[in-house]
Structure formats: C-alpha cells, structure tokens
Amino acid sequence: MEEKFNLKETLKKTISEAGVSGHEKPARDAIRDIWAPYVDRFEFSPLGNLYGIKEGERKNPDAPKRKIALAVHMDGIGMVVERISGEMLYFAPIGGFDPRILPGQEVIVHSAGGPIPGVIAQLASHLTSKPFIDRPVPLSDLVIDTGLGAAGVREKIQPGDVVSYANLPVEMGKDHVAGHSLDNRASVAAVTHCLRELRRMRHEFDVIAVGTVQEEVAYYSDTLINDLRPDIAIAIDVTFASGPGADDYRTRPLGSGPSIGFGANIHPALAKRLCDLCEEIDMPFTKDPLPNMSGTDAVAIQTAVGGVMTGVVSIPLRYMHTPVEVITMKDVRRVGRLMAEFISRLSEELFSSLKWEDEIDGENV
Amino acid sequence: MAKTFNPIMALPEIGAAQIELLEKLSNASGVSGDETAVRRIVREALSGIADELTTDVMGNLIAVKKAKTENAPRVMIAAHMDEVGFMLNHKESDGIFRFATVGGIDPRALAGKAVRIGKNGVPGVIGACPIHLSPRGELENILTLNSLRIDVSPEVSEVEVGEYAVFATQFKRLGEISLLGKAFDNRIGVATLIELVKNAPENVELIAAFTVQEEVGLRGAKAVAYRMNPDAAFVIDCTPANDQPAYDGSENVAYKSKLDEGPAIYVMDGRTLYDRRLVRYFSDLGDSYGIRYQYRQPQPGGTDAGPIHLTKEGIPTLSLSVPGRYAHTAAMVIRIADWQGYYRLLAVALRHFSLDLISGERE
C-alpha cells in the first residue's frame, strides 16, 4: 500500500529545508512527515524537540515499561542578519564554521514575508574595514546581496532575520550525497531507516525517535530526558571521514560503517554491546575515541535527571560544517540497521546486563 | 555640441524569452578552450537566421547578417562565449583531483562550492577541512589551490585528468529586478548578440563574432578581427560593479561601474584607449533615446577590444558592458534594467550607424 520509499530522496528532502539552530521548524515539519508512517504518535517540547513514539510489545506485562531514545539533532549551522548597509546585509554566525567557505555561497534570508534568495559576497579590498589582500576576508566584512535594491531591502528585510544555506543536494554516483546540513540530517535518515526496519521486527522497549534542537550552539538535550525519561539514550551524529584537508588518525574512510563512540561521555557496556552486535551481524564498524566530551547531544543527555545510560554512534562525513558535506548512503543504512538490530534484541535481561564491570546486583542490600 | 538622433520607435526588447535564453547560456559549461556547449546553443539559435554561420579553426563562431542596402558599413559585434573555470590536472586518489584555474579566479571563493565536470556535467564538490580539526591560526590563511581538491566521491570513476569543470550554480531570478547566475561574464553579451542578429537592421552588414579564449588573454578575437576586418567593432561584455557602500559608510569612489546606472561605455581600460568618436556616438544615442548609461571608470582590465582595435591598419572599436557584481565567482548578480538599456543602446547604435562617423581622422 505504501508509495515507493527512497531513503536517499527523504534525505535530500530534509537537507533542502532550512533548520538553523533555534529556528528548526521547516526541518522539523519535513522530518515529522517522513517519520509519521512509522510511529504511533508525536509529542513536541516547548524548545522545539520532536518526539516520535513507537510503542514496544512487552512479553511480560508485569515487567517495567522501558524506553530507548534515539536522539538526532535537526538543526544546522547558519547565520543571522546583523546590520543593513544600503542593499548589503552584514551578518553574524549561528554555530561554528570556517568563514572561508562563505564567499560565493548562495543563501536564503528568512524574512517576515517569506524566503528571499541571496548570495554571500566578498567586497573589493577598498570597501572592507581594512584591505584584505592575500588573506581571507573575515566574516564580519562579508555581505549578503539579495539583488532587491536598497529600497527593496529596506522594505523586506530586518536585522534578526535568519539566514540558511541555499545550495541544493548533489548526488555523486548512486550512493554518495553532498550538501549542507548532512550534519545531522544524515542521522535523521538513519533513524528513518531504523524505524522502517523495526516494522518487521518485534521490540519490547518503547522507541522514541527524537529530533533535537540547537545542538550546534549548545547542548540542551537534557530537556528531552526531562520530558521522556528514557532508560537508554543513543545520540546519533556524524564524525570525521578521511578526505582532502583531514586525513589523519582522527578520521575514518567514507563507507566504513558506524563509528561507535568510546569515552567518558559514553557508558562502556553500551559501547561494547554495540561493537559486539556489529560483529554478530557482520557489519563493518570503526571505533570513535572521544577522549573528552563527544561534541554531540550525549553531552547533555548523560547527566540529565540523575544520569542516563548514554551511547554515541556516528556516520562518517567529509568536510564537516561546510555546505558540501559528503556522506554515503551505505553508512546511513548501516547505522539505521544497527539501531534496529540493537532495539529488537533489547530485553529486561539484556538491559540489566549492561553494567559496570565491577557492578554488583543489589549493592548495599 | 552633442548630436541628437531622431528616435526609431519600434525596437526589440529584453523580455521573458530573452531571460530564458540567458538562463540556458548561464547554466551551460564553456570554460576557455572548451566553448563547445555554448557554441552549440548559439548555432541552434541562429541557424536559418544568419546568412552565414562559420566556426573558425580556434572555435570562434561567426554569424553574418547581410545588409539590404548598397555599400553598407560592415560592423562587427564581438561577445566572448568563454567563462573562467577549472581543469583537473592530477588524480590524487579515488575520486579526488587536484585542479588548476582557467582564467582569473580568486581562490578565496572556491571552498564549499559544488562543481560540474566535463561534457556530462559529473557532479563534484570542493570541500575544506572541518573547522573542528583546523590547527590554531589556520583560519588566517588563504585556502590556496594547493590545498583544495575536487571530490567526485570514491564511487565515481568516469572523470579524467584534463577535463574542464565549472561552478554548478543554477540561474535564478532575485526578486523582481535582478538575476543571479554563473558566467554572466559574458553570457549576457552572448544572449544580447543572439538577439541583435535575430533583429538585425537593414542598413549595416552585421558580423556577430562569438569569440573564444577571452578569459585567457583575449585570444579568439584577435583571429576573428583579422579574418573579418570590419569597418568598426563594438565589443559587448560584462564589467565588474564594485558599487557597494564602504564598510564605514564613507563614499565609494572606486566602483568601476554601478548597478542601476545602465550600460557602461568604455573610455579607457588596461588594453585600449577608445575612439572618442564612438564614445560620443553611444552617449549621444543614450541621451537622444533616454537610455540611462554610465562611463566605466578608467581602471585596469581589458576586453576583446584590445586585440581588435589593433588589427591590420587599426579598427575603430568601442566596448560596452553590463555592470555585474561578483564576476569570476560562483554567482554573479545583474539588473534586468541594465541589460535592457544595453540591448536597446546597441540596437539603436546599429540602426543609426554610418561610415561618416569614422571616416575622418581620429581625434
């Protein structure tokens, strides 16, 4: 009955929508539509989180009701109009990125009257705050040109209007996609794939697909824990793939499968279980050593509401935080499948086995 | 004393069909030395319309529209078809290529852009190191060509060293008054010249020269001018408009040209001191017809007029450009009204042209 589903097309759809941190609605609407067939109901948090809830089937109705949250941030980096000079818009960044990618970049200014296309320009050296010759023009000196003319700009655009990237998704071969906001819509697609896999699997735990907000500026995902109280939370995000500009020990190849996070931010028993599961289902994976904080929603999740068993699973991605991030769908599907396989195996028994090595049942009793 | 002309009322205009033609031309790939795709569009547009249509050994396309009057002046209008772009010059690993720029491109506007490679337009991207992994202080340095790569993904094997690439920018309208696209320098001239041939007047022999290799040294025009040896030549192009306000709001006195001020008439550039008679001819026409025009500030840079005006005994030549922002980057911005004025001014310049204008001594 279902119309033809294509995971890559849903990913292209989500990266064609704006979702600048703090202004995630366009992305959230698209993601909700994509997840709708696979979840029992949605909830929304005041901060903008999207919760797609798919209930589990407990074998023993007397057992405690357990939940696992898969958290993917919906937001992406962007900009905001800071001041207007004639026809030109000066802007400030939202989230962290290298401003050297900006000149020549097409953008959308989200004005009160609707989206307005424009392009980021680097002005001639006599027009900047000082001449930048043989060095990059800093973000504070770059402008957005909407072609509306000074009068049109005055009429339609206000300081405070949010700016998102406008470049369209690029398909390279059958399986590679380039575009902006693949950090983290690629992970959204992985959760979509997981939800689809779960339709033909039994699972005891309730599954909550969580679209989070404002990850690129802060870690506010403790609010989702407060709302949901999951027993396990896995943040799915992107990690550095090897490629031009970044090829060292901190990277892994595109197409190398899920990268399983290890470190203080992650419960070691959960990380080990995910690695073991990759072995069991014959799925390639890499380990992602995260010696300090993971740089994902897991940072806030782990300590929320008394502490949560937290994991981090990542998709390899090239050129992170540029408008031409690159992923392969193979890795997206694998991460989705790994999550589904993990969830379908989750039982009270397995959950209670995820412990510290030296942890003793019923300690202090 | 400025000469006045009695306006001819029925003149062709730039409208939806012409904007559509520009869209097609802007989206086409035509890096210097590889102008075939653009030439094909021009030939298609003019076959059956031009009286002669020839491609020369360099790749210049010459369309001639004969006059219907005796001893008509032979006026050449030249518009270069080529654009700046890239050539892949080394395969580094699967799907990763080093590349060189063809023509002048500021490497500061390359990172983060999508490109299309070769005849089939294979998609690729120019990435950059994630900011998270950039060494401290690195953001102060330019991302040079030496550090940038074109990535077509490990999956794609059909791309080869030696192929050309262009920015993947797709043409679009910006609001009511502007257009955005790549290669308006000089597809705007190409589109205009196609329209001029389609609407050629009877009083001149129009030699429409769609030239090659302008961006790598004004090379195609040199061969065309020698072969065609016209009585006069108009070079039509797109010139930079550095017309934005200065950062601190002080007056911008070095703008080269300005949007909204109409077509830019050249008086002097880095290659040519223009024939005063033709400069005055164009400005008088502008005044007579109420067409807004501006003088391009005498600054460096050159057009195909450079080689053309020095051909054989010398050919009286004028350059006229549409002002365009952000030339030689992924996306330019132009005003429709400037283009309309440019086209109108050229249409009337052909219709009023006579050899008397240039028969005497140069001033």
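Both backbone and side-chain heavy atoms feed into the values below; hydrogens, waters and symmetry mates do not. In what follows, every chain begins at residue 1, and chains take the letters A, B, ... in the order their sequences are listed.
- In this structure, chain A has a heavy atom under 4.5 Å from the side chain of Arg325(B), while its backbone stays farther away.
- Thr101(B) is not listed as a side-chain neighbour of Pro107(B), based on a closest heavy-atom distance of 4.5 Å or more.
- Using a 4.5 Å cut-off between heavy atoms, Asn242(B) touches chain A through backbone and side chain atoms alike.
- Heavy-atom distances place the backbone of Thr128(A), and not its side chain, under 4.5 Å from chain B.
- Proximity to chain A involves both the backbone and the side chain of Leu143(B), based on heavy atoms less than 4.5 angstrom apart.
- Heavy atoms closer than 4.5 Å to chain B are found in both the backbone and the side chain of Asp175(A).
- Taking chain A as the reference chain and counting heavy-atom pairs below 4.5 Å, the highest number among Ala109(B), Gly175(B), Pro130(B) is found for Pro130(B).
- Chosen from Asn167(A), Val326(A), Asp141(A), the residue pairing most often with chain B at heavy-atom distances under 4.5 Å is Asp141(A).
- For chain A, the nearby part of Asp106(B) is the side chain; its heavy atoms alone come within less than 4.5 Å.
- Classified by interplanar angle (parallel below 30°, tilted 30° to 60°, perpendicular above 60°), the ring pair Tyr165(A)/His180(A) is tilted.
- Only the backbone of Phe97(A) has a heavy atom closer than 4.5 Å to any heavy atom of chain B.
- When heavy atoms are compared at a cutoff of 4.5 Å, Ile126(B) approaches chain A solely by way of its backbone atoms N, CA, C and O.
- Remark: the backbone N or O of Val322(B) is not paired with any side-chain donor or acceptor of Asp338(B) at under 3.5 angstrom.
- Heavy atoms closer than 4.5 Å to chain A are found in both the backbone and the side chain of Glu138(B).
- Looking only at heavy-atom pairs under 4.5 Å with chain A, the residue among Ile177(B), Val156(B), Thr169(B) that has the most is Ile177(B).
- Proximity to chain A involves both the backbone and the side chain of Leu139(B), based on heavy atoms less than 4.5 angstrom apart.
- Contacts of Lys172(B) with chain A are made by side-chain atoms alone, with heavy-atom separations under 4.5 Å and no backbone atom involved.
- Your options are Pro323(A), Pro136(A), Gly245(A), Gly104(A), and the one with the most heavy-atom pairs under 4.5 Å with chain B is Pro136(A).
- Thr251(A) touches chain B through its side chain: at least one heavy atom from C-beta onward sits under 4.5 Å away, while N, CA, C and O do not.
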